[in-house]
Structures are given as C-alpha cells and as structure tokens.
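A short worksheet on the structure shown next.
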Amino acid sequence: MTKDRIDRRFAALKAEGRAAFVAYVMAGDPDAATALEIVKGLPAAGADIIELGFPFSDPMAEGPTIQRASQRALAKKMTLNGTLDIVRAFREGDQDTPIILMGYLNPLVNRGFETFAKQANEAGVDGLIVVDCPPEEADPLSDALEAEGLSLIRLASPTTDDKRLPAVIRRTSGFVYYVSVAGVTGVKEADADAVAPAVERIRKASGLPVAVGFGIRTAERAAEVARVADAAVVGSALVDEIESAARLNENVTEKVLLKASELAKAVRSARVGTK
Amino acid sequence: MNAPSKPNDWSAYPDAKGRFGDYGGLYVAETLMPLVLELDRAYTEAKNDPSFQKELKGYLTHYVGRPSPLYFAERLSKHLGGAKIYFKREELNHTGAHKINNCMGQILLAQRMGKTRIIAETGAGQHGVASATVTARFGLPCVVYMGAVDVARQKPNVFRMNLLGAEVRPVTSGAATLKDAMNEAMRDWVTNVHDTYYMIGTAAGPHPYPAMVRDFQAVIGTETREQIQEAEGRLPDAVVACVGGGSNAIGMFHPFLADESVKIYGVEASGHGLETDKHAASLTGGRPGVLHGNKTYLLQDEDGQIQDAHSISAGLDYPGIGPEHSFLHDIGRAQYLTCTDDEALKAFQLCAELEGIIPALESAHALAKLPQLAKEIGEGGVIVLCLSGRGDKDIFTVADALGRSI
C-alpha cells in the first residue's frame with residue numbers, strides 16, 4: 001500500500017501545479033515526545049512529505065547541524081524502534097502524508113532487512129533513504145522493501161553522469177532524491193541554475209519526480225528550487241531552529257513549525273508546473 | 001557465524017564486487033561512487049603496469065629503506081624458552097613504521113590520477129606522518145584529520161606532521177579518536193571530490209582500499225618469506241602481528257595464506273578487558289555491520305550504533321577492522337588473540353630491556369602474546385613477529401601509565 005501514498009501525493013501536487021515541500025527532522029530531537037509533536041504538526045504547517053531521520057553514531061555525510069541532532073537523539077536514547085513508534089503514532093491521525101525514513105545502513109543491517117521492512121510497513125513508513133547504500137550494494141535491501149511495498153529512494157548527485165545514471169535509477173520508485181551539492185548536509189548552498197538541467201535529466205531518465213535537497217536553507221532558495229524541481233527538501237535549517245529554541249528554552253515545536261510554514265509558503269508561491 | 005570452507009585460491013579475493021566472502025564492498029554516499037569506481041580502475045591499471053611497479057620499488061628501496069631487516073631476537077627467545085623469535089623490522093623504515101609502504105604506493109597512484117590535494121586520517125599519527133612525508137616529497141598539499149584526544153596524546157607526531165608541511169585538523173565530534181577522524185575525512189572527501197585524493201591508512205574502507213592497502217603492505221610478508229628461508233632454510237611455523245584496522249597484519253599474513261603449515265595470529269587490543277566496555281577487539285568482541293564504506297566486524301550496541309573503542313595504543317583504538325581479517329576470522333585461516341593495556345605495557349618494557357628496541361605500543365600488543373605462542377610452537381620452532389613501528393611517539397603515554405613524569 002505504502003509506495004502508493006508517495007505516488008498519490010505527487011499526482012495530487014501535479015494536479016495543483018506545484019512542487020512539494022519536504023521537511024526533514026530527526027527522530028528523538030530534542031526528545032521523543034517533542035519530535036512526535038513536531039512531526040504531527042508538519043502537515044498543517046505545509047509539509048507535503050516528511051523525512052524522518054533515524055539517528056546514527058557516525059553520520060558521515062552530514063554537516064555539523066545534523067551530526068549534533070543525531071547526538072542529541074542518541075543521548076535521549078532514541079532507537080530504530082523509537083523512530084517507528086513516532087511513525088505509528090503519527091499515522092493514527094494522518095493516513096495521507098508520506099513518511100520517508102532517512103539514515104545509515106548499519107542499524108538496518110543490525111535489525112535484518114526483512115524484519116525491518118515488515119516493521120516499517122506496519123508502522124506506516126512509505127520509503128527509505130539510506131545515505132551509505134549505493135545501488136551496487138542495494139539489492140538485498142531493495143528485495144526486502146519491495147516485498148513490503150516500500151520504496152528505496154535513490155540518491156543522485158552532481159557527480160552522477162549519464163553513464164552512471166541508469167545504475168542509480170534501476171529498481172527505484174517513489175521519487176529520486178537529487179543531492180544538489182557535492183558535500184555534506186547544510187553547508188554549501190544549492191545553485192538553482194545548475195540544479196535545473198540535472199533535475200530534467202534525472203526526471204527524463206527515471207520517469208519519476210525529482211526532489212532536491214542538501215543545500216536549501218532559506219525561503220528564497222526553496223522557492224528557486226521549487227520552480228525547477230518536483231520537491232524541495234529542507235533539513236538543516238529546520239534542525240537549526242530546533243537546536244536554538246531548545247538552547248534558549250523557547251517552545252521548540254512552535255518555532256520549528258513556524259519556520260516550516262514560512263518555507264512551505266515559499267515553495268507554494270513558486271507556483272511551478274511539474275510537467 | 002557460519003564457517004565457510006577455506007578457498008583453494010586466495011587470489012580470488014576480493015571478488016569483482018570488492019568482497020572477501022561476506023565482507024568488504026563499497027558503502028559510500030552516491031557523490032563518492034563515481035570516484036571510488038574510478039579509483040578501482042586506476043589502481044587495477046597501475047598494479048598491472050610494470051613502470052608503476054618499478055617506480056614504486058625504486059622509492060621503497062632508496063627512500064623508505066627497504067628491504068627492512070629480519071632480526072633474530074636472541075635474548076627474547078632465550079628468555080621465553082620456546083620457539084626462535086624473529087622480528088620483521090618495520091620500525092626501521094623511514095618515518096618509523098610500516099605506514100610509509102602504503103603511502104608511497106598511494107601517492108604515486110594519486111599523481112597518476114592527476115589529484116592535486118591529499119587528505120588522510122590518523123590515529124597514533126604514524127599514518128599522518130607518513131602521508132605528510134610523501135606529500136612533502138611530491139609537493140602536494142596535505143590535510144590530516146586526527147581525533148582531538150589523539151592530538152593530545154601523540155604530540156610528537158603532530159609536531160612532525162606540521163614540520164613536514166601538513167595541516168593537522170583536530171576532530172572533536174564523537175569520541176574524538178580515529179573513527180571520528182575517518183568520518184571527518186570522508187566529509188572532506190565528499191565536499192572536495194573533484195581534486196582530492198583520500199589516502200586511507202589501513203586495509204579498511206570502501207573497495208578498492210582494503211585490497212590496495214593490502215597489496216602495498218604485502219611487501220612485508222613477501223620479504224619475510226625470502227629472508228626467513230635464507231635464515232632458517234624453511235618457512236616459519238607462525239607469523240604474528242597486532243591488529244587495529246589491520247594493515248601491518250594483512251601485509252604480513254597475505255603472502256603466507258596459501259602455506260597451510262604457517263599458523264597466523266593477529267592480536268587485538270582488549271584495553272581494560274573484554275568484559276568491560278573499554279576495549280578495541282572488533283573480531284573477538286564485536287559482530288558484522290557496515291561502517292566507513294565496508295561491511296566488517298564492528299563494536300556496536302544492540303541498536304547498531306557504533307561504540308567507542310578503547311586502547312592505550314592510539315593506533316589500535318578503532319571499533320572496526322579491515323574486511324579481509326573478518327573473512328580470515330570466519331573461515332579460521334587466522335586466529336585472533338587479545339591483549340590488554342597492562343599486558344602491552346609489560347611487553348613494551350620487556351622488549352626495550354632485552355633487545356634494545358623500544359617498540360610502538362601497537363606492536364607491543366603482538367609482543368605480549370609471544371610467551372604463549374613461543375611455548376605453543378615450542379623449541380625448534382620459528383615465529384616471525386611484525387614489529388610494525390617504533391615507540392618514540394609513545395614514551396609520554398607509557399610514562400603516564402607508569403606514573404612517571406618526563
């Protein structure tokens with residue numbers, strides 16, 4: 001059932017003629033209860049798709065912001081089970097918003113792919129992004145996820161040339177995630193002019209919507225990307241809000257949802273047809 | 001684990017997917033994939049190019065100082081009262097450890113690939129010093145990532161790297177030791193993928209690194225085979241080496257894998273003891289998982305989070321191990337023993353007093369198992385130990401552990 005949720009969402013957005021706003025937050029940041037509250041609030045704040053990070057001790061492709069979020073979550077004893085609990089609780093009130101889990105391979109290897117896929121499906125997860133699992137190593141995980149109707153969302157990057165693209169999009173579904181900068185999360189800024197042709201190339205080759213992430217921190221940049229891509233993903237900028245609100249003892253949920261709605265507004269007002 | 005049967009042909013590993021049985025592979029971010037595949041092609045080409053091998057051999061002879069001697073440790077042998085013990089003297093290499101063997105190979109490859117900037121990670125600093133040395137020699141800029149804890153406990157090596165013109169970047173994330181330095185190096189690599197070559201210091205990481213580092217370090221075992229046959233007229237009964245990531249060990253072991261008569265022993269660091277949470281014995285105390293680009297044995301908790309390793313030796317303080325060792329462990333071709341901080345310290349002192357050689361704390365872990373192994377192999381037997389590095393860098397750590405001030 002679950003992959004359908006992603007397809008339905010993109011079909012609806014296409015009908016509306018706009019790009020999706022994808023919001024990333026980390027499970028367990030700043031704690032499990034607040035993270036659930038944030039996730040529950042995201043659709044109303046304008047998030048079309050939610051990416052929920054599950055923490056890993058050694059997040060090699062993340063910049064300092066997401067690294068610290070991972071450490072905060074682990075310090076609060078967040079686990080893979082805890083992450084699935086958040087999804088399960090979210091699904092009680094929302095059957096429409098796709099949730100994609102995002103993280104690293106080792107916690108999944110540790111669980112066993114089949115067991116994990118079953119549990120993720122039962123909890124209401126729709127897809128998975130695994131940063132350190134390139135297509136060359138993905139078949140065992142793809143097998144397990146496909147058996148449960150979940151998507152393994154593939155990553156493409158500025159280093160993915162035409163020769164490599166077929167390998168990247170093989171066995172992919174849902175959408176393709178374009179990492180818009182060569183680098184870690186939240187550091188470099190995406191260049192919308194450079195992003196446009198890459199998005200077009202991947203869209204054409206895969207026949208799937210293309211989400212762009214990794215370099216979008218501001219409403220302006222989100223709007224720019226939303227003009228050329230099928231979805232704009234914002235992570236570090238939201239996680240920064242969580243971190244600073246927690247540090248200043250402000251209402252974390254309120255602050256991050258405010259930021260999310262500002263970004264969502266920018267994406268919606270970009271008003272781009274997605275072909 | 002299931003124990004697969006031993007292969008008949010060791011040269012079949014790694015396979016085309018970079019696997020040693022279940023282990024190895026290439027688990028990196030998509031941004032790095034084209035580069036890692038290009039590296040594999042470039043390395044395969046270089047390996048089969050006689051001019052590359054000739055150039056490498058020239059530098060190993062005239063710059064590194066190879067072949068390193070094989071030395072009969074007569075007083076230690078007598079003291080232990082068992083098998084004859086030989087040291088393969090990697091500590092006599094330029095820069096004081098085996099690390100330079102690999103760096104020399106990789107710098108020539110990086111140049112061949114047209115890379116203009118080198119990054120490296122380091123634990124004890126020996127790989128950092130070797131990287132800084134070859135980058136100085138070939139005129140390339142070098143950034144070395146080093147855990148802040150290691151920066152503090154390996155000051156002489158930090159200073160040496162600086163003297164050689166390398167920039168040492170202390171890493172404060174995580175436990176601020178080797179694994180965190182490796183994470184940071186990978187972040188740099190993914191950010192500067194167009195011009196940067198990542199010089200990995202051990203036989204771990206994504207394919208082709210485990211195979212490539214093994215090949216560059218195999219000069220240790222290859223020389224040992226010739227030298228011991230000259231000295232004793234036969235192969236040794238056992239070879240032994242310390243294992244952190246495991247590059248000196250795999251370099252010693254690999255040329256002996258097909259010799260059934262040669263027993264192979266690796267020694268992992270068990271820190272405060274395997275029963276505590278302060279050790280670095282990935283094979284003995286860990287289980288398979290994926291980290292730093294490869295599938296291998298890892299220290300991890302029940303949720304798959306990587307645990308911090310501990311060893312008095314900064315070079316062994318790593319929660320993973322090269323994938324070929326995981327394979328050798330599973331199939332039983334090599335046996336992996338463990339050694340505590342205290343045992344290593346005692347062996348460190350014993351070697352200094354009996355042989356006039358101050359070994360690296362890393363090598364002291366292997367030395368510590370000699371009483372047991374010398375007895376097992378027995379009189380008339382021959383053991384070769386890879387003395388992987390010298391201990392100058394460790395004198396502050398050792399003095400501290402002994403409650404003395406320098």
Side-chain angles (χ1 to χ4, degrees), chain A residues 54-64 67-68 70-71 73-74 77-83 103-112 116 129-138 154-161 163-164 167-168 176-185 187-188 214, chain B residues 16-19 22 24-38 40 171-175 179-196 205-207 287-296 298-308 319-320:
Chain A
F54 54 100
F56 184 48
S57 50
D58 294 80
M60 286 159 299
E62 314 295 348
Q67 279 181 57
R68 287 196 299 269
S70 218
Q71 280 166 4
L74 289 172
K77 310 280 180 217
M78 180 47 61
T79 59
L80 202 50
N81 283 339
T83 305
Y104 291 78
L105 198 54
N106 199 50
L108 310 178
V109 170
N110 189 75
R111 175 68 47 100
F116 168 76
I129 297 175
V130 186
V131 181
D132 56 349
C133 186
E136 281 78 354
E137 301 288 357
R154 287 292 165 73
L155 298 153
S157 90
T159 61
T160 311
D161 57 17
K163 214 172 99 212
R164 180 156 176 80
V168 167
V176 179
Y177 187 123
Y178 181 64
V179 174
S180 65
V181 295
V184 295
T185 48
V187 178
K188 288 185 191 170
F214 266 56
Chain B
K17 294 190 80 183
R19 293 198 172 260
D22 279 347
L26 54 177
Y27 298 91
V28 296
E30 180 55 34
T31 306
L32 291 175
M33 278 306 290
L35 192 80
V36 172
L37 296 172
E38 182 200 338
D40 187 31
V171 175
T172 54
S173 60
K179 102 179 150 79
D180 310 291
M182 200 151 178
N183 290 339
E184 214 51 48
M186 292 194 111
R187 288 181 187 119
D188 181 316
W189 198 22
V190 82
T191 306
N192 300 292
V193 68
H194 56 289
D195 67 348
T196 296
H207 179 68
R287 57 179 201 286
V290 172
L291 180 70
H292 292 152
N294 63 153
K295 185 172 183 199
T296 191
L298 301 169
L299 299 181
Q300 52 185 319
D301 70 11
E302 65 283 353
D303 205 41
Q305 305 298 339
I306 307 304
Q307 290 180 313
D308 295 328

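Since we're looking at a predicted model, the values are computed, not measured. The chains referred to below are lettered A, B, ... by the order of the sequence lines, with proteins before strands, and numbering in each begins at 1.
Interface remark: of the candidates K295(B), M186(B), Q307(B), Q300(B), Q300(B) forms the most heavy-atom pairs closer than 4.5 Å to chain A. Ranked by heavy-atom pairs shorter than 4.5 Å toward chain B, the options E136(A), Q67(A), R154(A) are led by Q67(A). If you tally non-hydrogen atom pairs under 4.5 Å between each of K188(A), R68(A), K163(A) and chain B, the highest count goes to K188(A). Chain B forms more heavy-atom pairs under 4.5 Å with one residue of V131(A), V109(A), L108(A) than with any other, namely V131(A). Between chain B and the residues V130(A), N81(A), L155(A), V179(A), the most heavy-atom pairs under 4.5 angstrom are made by L155(A).
Using a 4.5 Å heavy-atom threshold, the side chains of V36(B) and W189(B) count as touching. Side-chain contact between T191(B) and V187(A) is absent, with no heavy-atom pair separated by less than 4.5 Å. In this structure, Q71(A) and S173(B) have side chains that are in contact, with non-hydrogen atoms separated by less than 4.5 Å.
With no hydrogens or angles considered, no side-chain donor-acceptor pair links D132(A) and H292(B) at under 3.5 Å.
If you measure heavy-atom distances from D301(B) to chain A, the contacts under 4.5 Å come from the backbone alone. Only the backbone of V28(B) comes within contact range of chain A, with at least one heavy atom under 4.5 Å from a heavy atom of that chain. Looking at A138(A), there are no atoms closer than 4.5 Å to chain B (heavy atoms on both sides), in backbone or side chain. With a threshold of 4.5 angstrom between heavy atoms, R111(A) approaches chain B through side-chain atoms but not through N, CA, C or O. For chain B, the nearby parts of P59(A) are the backbone and the side chain; heavy atoms of each come within less than 4.5 Å. Of the two parts of N110(A), only the side chain, counted from C-beta on, holds a non-hydrogen atom closer than 4.5 Å to a non-hydrogen atom of chain B. In this structure, chain B has a heavy atom under 4.5 Å from the side chain of L105(A), while its backbone stays farther away.
With rounding to the nearest 0.5 Å, the separation of OG in S57(A) from CG in N106(A) is 7.5 Å. To the nearest 0.5 Å, atom CZ of residue F214(A) and atom OG1 of residue T31(B) are 7.0 Å apart.
Here the options are L32(B), T196(B), L35(B), the test is side-chain contact (heavy atoms from CB on, under 4.5 Å), and the partner is V190(B); only L32(B) passes.
Residues passing the salt bridge (Lys or Arg N to Asp or Glu O under 4.0 Å) test with D58(A), sequence neighbours excluded: K179(B).
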